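FYI, the numbering just counts along the sequence from 1. Computed from a prediction, not measured in an experiment: that's the story for all the values here.
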Amino acid sequence: MNQPFGFYQNEIYFEGLGGVVPRFPFTYEELASRAEAALGPSLWSYVAGGAGDERTQRANASAFERWGLYPRMFVGAARRDLSVELFGVTLPSPLFMAPIGVLGLCAQDGHGDLATARAAARTGVPMVASTLTADPMEEVAAEFGSTPGFFQLYTPSDRELAESLVRRAEKAGFKAVVVTLDTWVTGWRPRDLSTANFPQLRGHCLANYTSDPIFRATLERTPEEDPRAAAGRWAQIFANPLTWDDLPWLRSLTQLPLIVKGICHPEDVRRAKDGGVDGVYCSNHGGRQANGGLPALDALPGVVEAADGLPVLFDSGIRTGADAVKAIALGATAVGVGRPYAYGLAVGGTDGVVHVLRSLLAEADLLMAVDGYPTLADLTPQSLQRVL
Ligand SMILES: Cc1cc2nc3c(=O)[nH]c(=O)nc-3n(C[C@H](O)[C@H](O)[C@H](O)COP(=O)(O)O)c2cc1C
């Protein structure tokens with residue numbers, strides 16, 4: 001049988017006996033500061049920054065501090081089972097990598113989506129691959145190994161192109177389609193405004209478009225001949241302010257599980273469920289899109305209640321294994337890590353991402369061991385107490 005996730009610490013301590021000190025940091029703060037140095041100013045502000053004065057972004061992370069997990073004794077949680085059933089597949093843990101549309105640039109070789117997909121293969125932690133990748137989705141999916149991957153769709157205004165992207169995702173072997181609803185327009189991001197930097201407008205991370213026959217057919221010259229015109233065309237078709245009237249069409253696009261991302265209000269959960277989605281994804285985009293909102297964690301219990309058994313994916317503010325455990329206790333089926341793995345990618349490529357994921361999983365596993373929660377089902381809202 002596989003080693004428990006917590007075994008990562010044994011590896012580190014035993015290597016220490018041989019004089020080996022770990023290459024990568026163990027705190028979020030140190031990881032972020034190493035990533036800042038690795039990424040350089042404008043990419044760093046794009047990845048680390050958020051909307052407005054970033055109050056919502058900070059609140060996402062600090063919301064976890066308001067909950068404490070009760071330790072339970074005499075449980076003998078010598079073995080923990082973190083596995084979860086999601087859309088017909090059994091995953092070794094509830095952790096997944098949230099879609100990040102600039103991963104390509106975060107790796108030193110400019111192929112961060114491939115590096116991340118390799119980390120998914122090595123850890124069993126699924127990657128939700130963004131529409132905005134530096135390499136086409138087929139090449140990203142080819143690196144997943146036996147770990148399932150999900151495709152995140154930014155629905156273009158050109159419906160034919162949307163259909164083409166979904167067809168390609170199906171053919172490439174993605175196991176679900178995640179439609180992001182909160183980003184048809186970019187939120188007001190002071191850090192990016194002050195560097196006047198929007199990577200995609202500069203032609204970065206558009207490989208899924210420039211490799212698409214439908215997209216290419218709309219261009220007078222190929223993207224290779226005229227990359228500026230391709231980026232300009234992308235800017236024209238990227239945004240699609242969907243309404244509920246579009247949900248039947250979205251649903252009709254694929255037989256794959258369909259998940260809608262950016263859902264925080266219970267009423268929206270109920271409508272999405274009525275519209276036939278297979279899962280809802282509670283997230284406020286890490287506070288990058290709208291400032292002044294509530295922390296995503298505070299929206300989670302209402303989403304879970306309204307979902308009434310439908311799987312609930314969650315992200316926004318996960319920084320530690322303990323955070324992931326708390327989100328599970330509040331009812332999330334699966335938990336997305338965002339910025340931390342992008343920082344790991346910047347600092348150490350695939351190895352850096354693997355380190356971040358293994359650290360989160362080890363911490364979660366050891367917390368469940370120490371506090372007496374042998375399975376995810378043992379984690380319930382009653383396991384938590386408000387502490388502030
Ligand atoms: C640099 C960056 C790029 C992102 N790109 C995408 C994207 O392409 N598609 C998407 O659905 N969400 C995107 N997100 C949002 C993440 O999927 C996730 O919701 C967010 O990172 C969670 O917040 P956290 O990283 O602070 O925990 C992006 C986030 C960051 C930080």
Peer 1: Could you check if a side-chain atom of Y373 sits within less than 4.5 angstrom of a side-chain atom of R72, using non-hydrogen atoms only?
Peer 2: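 Side-chain contact under 4.5 Å: yes.
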Peer 1: Using distance only, find each side-chain donor-acceptor pair of residues 96-112 under 3.5 Å and give its atom names and separation, not counting sequence neighbours.
Peer 2:
unit_1: Q108; atom_1: NE2; unit_2: A346; atom_2: O; d: 3.2
unit_1: D109; atom_1: OD1; unit_2: H111; atom_2: N; d: 2.8
unit_1: H111; atom_1: ND1; unit_2: D135; atom_2: OD1; d: 3.1
unit_1: H111; atom_1: ND1; unit_2: D135; atom_2: OD2; d: 2.7

Peer 1: Checking T56 side chain against G293 main chain: does a donor-acceptor pair fall under 3.5 Å?
Peer 2: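 Such a contact is found between T56 side chain and G293 backbone.
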Peer 1: Which heavy atom in T155 sits nearest to a heavy atom in A162, and how many Å separate them?
Peer 2: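 For T155 versus A162, the nearest heavy atoms are CG2-CB, 4.2 Å.
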Peer 1: Considering residues at least two apart in sequence or located in another chain, which fulfil the side-chain contact (heavy atoms from CB on, under 4.5 Å) criterion with Y13?
Peer 2: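 Partners of Y13 under the side-chain contact (heavy atoms from CB on, under 4.5 Å) test: Q9.
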Peer 1: Please check if the number of heavy atoms outside E220 that lie under 6.0 Å from its CD is greater than 12.
Peer 2: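 Counting other residues, nucleotides and ligands, CD of E220 stays at 12 neighbours or fewer.
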Peer 1: Any sub-3.5 Å donor-acceptor pair from R189's side-chain atoms to R288's backbone N or O?
Peer 2: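 Judged by distance alone, yes, a pair lies under 3.5 Å.
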Peer 1: With under 30° as parallel and over 60° as perpendicular, where do the rings of H355 and F24 fit, or are they tilted in between?
Peer 2: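 Rings of H355 and F24: tilted, as their planes differ by 30° to 60°.
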Peer 1: Can you list every salt bridge (charged side-chain N to carboxylate O under 4.0 Å, His left out) pair that touches residues 138-167, not counting sequence neighbours?
Peer 2: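 Pairs touching residues 138-167 that pass the test: R118-E143, E138-R168, R159-D246, R167-E170.
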Peer 1: For T133, is there any backbone N or O sitting under 3.5 Å from a side-chain donor or acceptor partner on S130?
Peer 2: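 Not a single qualifying donor-acceptor pair exists.
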Peer 1: Quick one: are L181 and I263 in side-chain contact, heavy atoms under 4.5 Å?
Peer 2: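 Yes, their side chains come closer than 4.5 Å.
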Peer 1: Taking atom CD of E11 as the centre, does the number of heavy atoms from other residues, nucleotides or ligands within less than 6.0 Å exceed 12?
Peer 2: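 Atom CD in E11 is packed in, count exceeds 12.
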Peer 1: Who are the side-chain contact (heavy atoms from CB on, under 4.5 Å) partners of A119, not counting sequence neighbours?
Peer 2: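 Counting only residues at least two positions away or on another chain, A119 forms a side-chain contact (heavy atoms from CB on, under 4.5 Å) with T350, V353, V354.
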Peer 1: In terms of hydrophobic clusters joined by side-chain contacts under 4.5 Å, are L367 and Y8 together?
Peer 2: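 No, L367 does not connect to Y8 through the hydrophobic network.
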Peer 1: Indicate yes or no for a side-chain donor-acceptor contact from N208 to the backbone of T131 under 3.5 Å, with no hydrogens or angles considered.
Peer 2: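 A pair under 3.5 Å: yes.
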Peer 1: Kindly state each residue pair satisfying salt bridge (charged side-chain N to carboxylate O under 4.0 Å, His left out) with at least one member in residues 359-369, sequence neighbours excluded.
Peer 2: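 Applying salt bridge (charged side-chain N to carboxylate O under 4.0 Å, His left out) to every pair that reaches into residues 359-369, excluding sequence neighbours, yields R80-D365.
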Peer 1: Which heavy atom of R191 sits nearest to which heavy atom of S45, and what is that distance?
Peer 2: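 Closest approach of R191 to S45: CB-CB, 3.8 Å.
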Peer 1: Side chains of residues 330-338: which donor-acceptor partners sit under 3.5 Å, not counting sequence neighbours?
Peer 2:
unit_1: T333; atom_1: OG1; unit_2: V312; atom_2: N; d: 2.9
unit_1: T333; atom_1: OG1; unit_2: V312; atom_2: O; d: 3.4

Peer 1: Just by modelled atom types, is the R55 backbone N or O under 3.5 Å from a matching donor or acceptor in the N291 side chain?
Peer 2: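 Checked: pair present.
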Peer 1: Are V20 and I12 in one and the same hydrophobic cluster, where Ile, Leu, Val, Met, Phe, Trp and Tyr link if side-chain heavy atoms are under 4.5 Å apart?
Peer 2: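 Different clusters.
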Peer 1: Show every ring-ring contact (aromatic ring centres under 6.0 Å, His included) that has at least one partner inside residues 126-184, sequence neighbours left out.
Peer 2: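 Only F144-F174, F151-F174, Y154-F238 qualify under ring-ring contact (aromatic ring centres under 6.0 Å, His included).
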Peer 1: So, for S83 and D81, which heavy atoms are closest and what is the spacing to 0.1 Å?
Peer 2: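 Heavy atoms only, the tightest pair is OG-OD1, 2.7 Å.
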Peer 1: Quick check: does any side chain N or O of D278 sit under 3.5 Å from a backbone N or O of L258, one acting as donor and the other as acceptor?
Peer 2: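 Yes: the side chain of D278 pairs with the backbone of L258.
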Peer 1: Let me confirm one number: the CG-CG distance from D245 to L250, rounded to the nearest 0.5 Å.
Peer 2: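 If we round to the nearest 0.5 Å, D245:CG and L250:CG are 11.5 Å apart.
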Peer 1: Counting only heavy atoms not in Q255 (residues, nucleotides, ligands), do more than 12 fall under 6.0 Å from its CD?
Peer 2: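 Check fails, neighbour count at 12 or below.
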Peer 1: Just jot down the side-chain contact (heavy atoms from CB on, under 4.5 Å) partners of V370, sequence neighbours excluded, or say none.
Peer 2: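 V370 satisfies side-chain contact (heavy atoms from CB on, under 4.5 Å) with no residue once adjacent residues are dropped.
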Peer 1: Assigning hydrophobic clusters by single linkage (Ile, Leu, Val, Met, Phe, Trp, Tyr; side-chain heavy-atom cutoff under 4.5 Å), is W249 placed with V178?
Peer 2: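 Cluster IDs for W249 and V178 match.
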Peer 1: If you round to the nearest 0.5 Å, how far is CD1 of I328 from CG of L384?
Peer 2: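 That separation rounds to 11.5 Å.
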Peer 1: Is a side-chain donor or acceptor of S283 paired with a backbone partner of K261 at a separation under 3.5 angstrom?
Peer 2: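 No, S283 side chain to K261 backbone: no donor-acceptor pair under 3.5 Å.
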Peer 1: Under a 4.5 Å side-chain heavy-atom rule over Ile, Leu, Val, Met, Phe, Trp and Tyr, are L361 and L366 clustered together?
Peer 2: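 Looking at the clustering, L366 is in a separate group from L361.
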Peer 1: Closer than 3.5 angstrom, by distance alone: can the side chain of K326 be matched with the main-chain N or O of F64 as a donor-acceptor pair?
Peer 2: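 Pair found, side chain donor or acceptor close to backbone of F64.
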Peer 1: Checking Q236 now: which residues fulfil side-chain contact (heavy atoms from CB on, under 4.5 Å) with it, not counting sequence neighbours?
Peer 2: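 For Q236, the residues satisfying side-chain contact (heavy atoms from CB on, under 4.5 Å) (neighbours in sequence not counted) are R233.
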Peer 1: Is the number of heavy atoms from other residues, nucleotides or ligands within 6.0 Å of CH2 (W244) greater than 12?
Peer 2: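 Result for CH2/W244: enclosed.
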Peer 1: If every non-hydrogen atom of S383 is compared with every non-hydrogen atom of D378, which pair is closest and at what distance?
Peer 2: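 Closest pair (atom of S383, atom of D378, distance): OG-O, 3.5 Å.
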Peer 1: When you look at CZ of R58, are more than 12 heavy atoms from neighbouring residues, nucleotides or ligands closer to it than 6.0 Å?
Peer 2: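 For R58, atom CZ is crowded (more than 12 foreign heavy atoms under 6.0 Å).
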Peer 1: Please check: side-chain N/O of S157 versus main-chain N/O of N240, any donor-acceptor pairing under 3.5 Å?
Peer 2: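 Here the side-chain-to-backbone pair does not exist.
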Peer 1: Decide yes or no for W67 and Q385: does some side-chain heavy atom of the first lie under 4.5 Å from some side-chain heavy atom of the second?
Peer 2: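 Counting from C-beta outward, W67 and Q385 never come under 4.5 Å.
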Peer 1: With heavy-atom distances below 4.5 Å as the criterion, would you say the side chains of L165 and M137 are in contact?
Peer 2: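 With C-beta onward as the side chain, the pair touches.
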Peer 1: Got a sec, which residues hit ring-ring contact (aromatic ring centres under 6.0 Å, His included) with F7, two or more places apart in sequence or on another chain?
Peer 2: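 ring-ring contact (aromatic ring centres under 6.0 Å, His included) list for F7, sorted by chain: empty.
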Peer 1: Using every non-hydrogen atom in the two residues, find where T180 and Q152 come nearest and quote the distance to one decimal.
Peer 2: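 The answer is OG1-NE2, 3.0 Å.
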Peer 1: Is it true that a side-chain atom of K273 and a backbone atom of A307 form a donor plus acceptor pair closer than 3.5 Å?
Peer 2: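 Present.
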Peer 1: Kindly give the heavy-atom pair with the smallest separation between P374 and V75, and that separation in Å.
Peer 2: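 Result for this residue pair: CD-CG1, 3.8 Å.
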Peer 1: Determine, using the 4.5 Å side-chain heavy-atom cutoff (strictly less than), whether L201 and W188 are members of one ILVMFWY cluster.
Peer 2: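 Unlinked, L201 and W188 end up in two clusters.
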Peer 1: CG of L360 to OG1 of T123: how many Å apart, nearest 0.5 Å?
Peer 2: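 Taking CG in L360 and OG1 in T123, the distance rounds to 10.5 Å.
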Peer 1: Would you mind checking if D298 and R66 are paired as a salt bridge, meaning a charged N to carboxylate O distance below 4.0 Å?
Peer 2: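 Answer for the salt bridge query: yes.
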Peer 1: For Q57, which residues count as a side chain to side chain donor-acceptor pair (under 3.5 Å) partner, sequence neighbours excluded?
Peer 2: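 Side chain to side chain donor-acceptor pair (under 3.5 Å) check on Q57 returns R339.
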Peer 1: My understanding is that only residues two or more places apart in sequence, or in another chain, count here; which of them pass ring-ring contact (aromatic ring centres under 6.0 Å, His included) with F215?
Peer 2: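 Counting only residues at least two positions away or on another chain, F215 forms a ring-ring contact (aromatic ring centres under 6.0 Å, His included) with Y209.
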